[in-house]
K.L.:
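Below is one structure. I have some questions about it.
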Amino acid sequence: MLDITIKCHTTDIVITGGSSGIGKALAIEFVKKGASVTIAARDQEKLKEAETEIKAFIKDAENQKVHWVAMDVSKDYMDVERSINKAESQLGPISILVNCAGTSISGTFEDLPVEKFQQMMQINYLGSVYPTRAVVKSMKSRRQGRIVFVSSQAGQLGVYGYTAYSPSKYALRGLAESLQMEVKPYNIYVTVAFPPDTDTPGFTNEQIGKPKETQLISQSSGFFKAESVAKSVMEDTLNGRFLCSVGLDGWMLRCLTCGMTPITSALDGIQQVFLMGVFRLVSAFYLVSFDRIVQQCHRERKQKEKSS
Ligand SMILES: NC(=O)C1=CN([C@@H]2O[C@H](COP(=O)(O)OP(=O)(O)OC[C@H]3O[C@@H](n4cnc5c(N)ncnc54)[C@H](OP(=O)(O)O)[C@@H]3O)[C@@H](O)[C@H]2O)C=CC1
Ligand SMILES: CCCCCCCCCCCCCCCC(=O)[C@@H](N)CO
């Protein structure tokens with residue numbers, strides 16, 4: 001199905017958000033495969049530490065390199081372009097760009113400061129647009145490339161508490177679908193990944209002030225290790241799969257919400273045709289349980305208010 005084979009030892013990869021969590025785990029997986037990797041994030045100390053950690057997985061010291069570039073993906077496009085050019089001058093043309101830099105905030109719609117809605121779009125959405133914009137021209141001219149967007153299961157269904165976060169992750173899917181249609185003639189393949197809750201420093205941070213509802217609803221699709229998320233993302237990227245999911249619920253969601261996404265695997269296409277309706281039925285049970293969670297928490301809050 002795919003007409004490019006990526007030779008991993010010549011594959012140069014840029015991973016935004018590569019200094020922590022899923023991004024760092026991805027850098028390690030790609031390095032284990034024999035690739036050279038540049039990680040990008042803001043904090044230089046974290047980048048240096050991650051670089052050392054990732055380097056330990058190098059197999060072929062002569063051909064494999066690990067570098068870092070400091071950049072804020074969300075602020076100034078020209079700055080992002082300069083950093084991407086720097087990465088290219090160190091490693092050569094970028095074959096794979098992974099847009100993993102991102103963050104989350106939760107809270108009820110009313111409680112979230114309005115700036116947070118802007119911030120989420122700025123980091124999670126525009127922070128993926130800018131690096132992509134900076135690599136696409138060179139990928140097109142070489143007629144080779146992979147672009148990955150790390151969305152979230154909260155980019156497939158709206159969840160209590162994620163009114164600011166979820167839309168920024170949904171936006172990535174719209175971007176991915178449109179971009180894929182444009183770049184396919186240039187042999188560039190786009191992957192959009194929808195991870196569930198994953199054990200990362202970002203996840204730990206996110207727990208502060210997270211509504212109980214958000215926590216309970218999210219945990220229904222499990223809690224995964226960054227390494228297993230990274231393995232799925234890498235495999236689907238190398239295979240040119242458009243949709244990437246993790247876990248059983250992730251697989252059901254991928255099938256249920258496939259919409260008009262490109263069919264990049266025959267098996268996926270067949271599953272979608274036959275299972276979408278079934279999974280819609282399954283989703284009804286999940287929705288009932290989510291409703292119960294929301295009602296229960298609502299009652300608990302009312303009681304607390306009364307007694308205080
Ligand atoms: N963990 C989870 O449960 C899930 C996470 N995701 C998504 O996966 C991605 C990674 O998450 P996770 O590994 O948990 O997060 P972490 O907080 O552990 O890592 C985030 C990385 O992104 C970098 N980053 C954040 N903001 C910027 C910015 N403005 N410019 C450049 N780099 C930035 C951070 O470095 P620095 O701060 O130094 O810039 C860090 O390297 C995110 O997009 C997240 O939304 C999706 C589903 C579940
Ligand atoms: C057939 C239907 C199956 C339905 C299964 C539905 C289960 C969905 C639960 C919602 C999970 C939201 C996780 C968000 C993770 C995330 O992005 C944050 N942790 C970021 O830090």
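Counting starts at 1 for both ligands and their atoms, following the listed order. None of the values given here were measured: they were computed from a predicted structure.
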K.L.:
Considering only heavy atoms, does Ser151 approach ligand 1 within less than 4.0 Å through its side chain, its backbone, both, or neither?
P.N.:
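Near ligand 1, Ser151 shows its backbone, while the atoms from C-beta on stay back.
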K.L.:
For atom 21 (O) of ligand 2, what's the nearest protein heavy atom and its distance?
P.N.:
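Checked against all protein heavy atoms, atom 21 (O) of ligand 2 sits closest to Glu206 OE1, 3.0 Å.
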K.L.:
Among Glu206, Arg42, Gln153, which residue places a heavy atom closest to atom 39 (O) of ligand 1?
P.N.:
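Nearest option to atom 39 (O) of ligand 1, by heavy atoms: Arg42.
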K.L.:
Is the Phe223 ring parallel, tilted or perpendicular to the Phe203 ring (thresholds 30°, 60°)?
P.N.:
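The rings of Phe223 and Phe203 sit tilted, inter-plane angle from 30° to 60°.
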K.L.:
What atoms in ligand 2 come closer than 4.0 Å to a heavy atom of Ile217?
P.N.:
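Listed by number with element: 9 (C).
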K.L.:
Against heavy atoms of Ser221, which atoms of ligand 2 measure under 4.0 Å?
P.N.:
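Matching atoms, with element in brackets: 7 (C), 9 (C), 11 (C).
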K.L.:
Is it true that a side-chain atom of Thr16 and a backbone atom of Ala40 form a donor plus acceptor pair closer than 3.5 Å?
P.N.:
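Side chain of Thr16 to backbone of Ala40, a donor-acceptor pair under 3.5 Å: no, none is there.
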K.L.:
Return the residue, atom name and 0.1 Å-rounded distance of the protein heavy atom closest to atom 8 (O) of ligand 1.
P.N.:
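Sorting protein heavy atoms by distance from atom 8 (O) of ligand 1 puts Val150 CG1, 3.5 Å first.
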K.L.:
Please find out if less than 6.0 Å separates the ring center of Phe109 from that of Tyr160.
P.N.:
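Judged by ring-centre distance (under 6.0 Å), Phe109 and Tyr160 do not meet the cut-off.
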K.L.:
Any chance you could lay out the ring-ring contact (aromatic ring centres under 6.0 Å, His included) test for Trp251 and Phe194, step after step, and finish with the verdict?
P.N.:
CA-CA 10 Å; Trp251 170 65; Phe194 301 95; over 10 Å; no
K.L.:
Taking 4.0 angstrom as the limit and counting only heavy atoms of Met252, give me the atoms of ligand 2 inside it, by number and element.
P.N.:
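Answer, ordered by atom number: 1 (C).
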K.L.:
Is Leu157 touching ligand 2 with its side chain, its backbone, both, or neither, if touching means heavy atoms under 4.0 Å apart?
P.N.:
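For Leu157, the contact with ligand 2 is made by the side chain alone.
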K.L.:
What atoms in ligand 1 come closer than 4.0 Å to a heavy atom of Met71?
P.N.:
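Atoms satisfying the 4.0 Å criterion: 30 (N), 31 (C).
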K.L.:
Please check whether Gly23 reaches ligand 1 - meaning an N/O of the residue sits under 3.5 Å from an N/O of the ligand, judged on distance alone.
P.N.:
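Between Gly23 and ligand 1, no N or O pair is found under 3.5 Å apart.
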K.L.:
Donor-acceptor pair, Ser128 side chain versus Asn124 backbone, under 3.5 Å?
P.N.:
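Checking the backbone N and O of Asn124 against the side chain of Ser128, a donor-acceptor pair under 3.5 Å is found.
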K.L.:
Tell me which protein heavy atom sits closest to atom 15 (O) of ligand 1, plus the residue, atom name and distance to 0.1 Å.
P.N.:
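Answer for atom 15 (O) of ligand 1: Gly202 CA, 3.9 Å.
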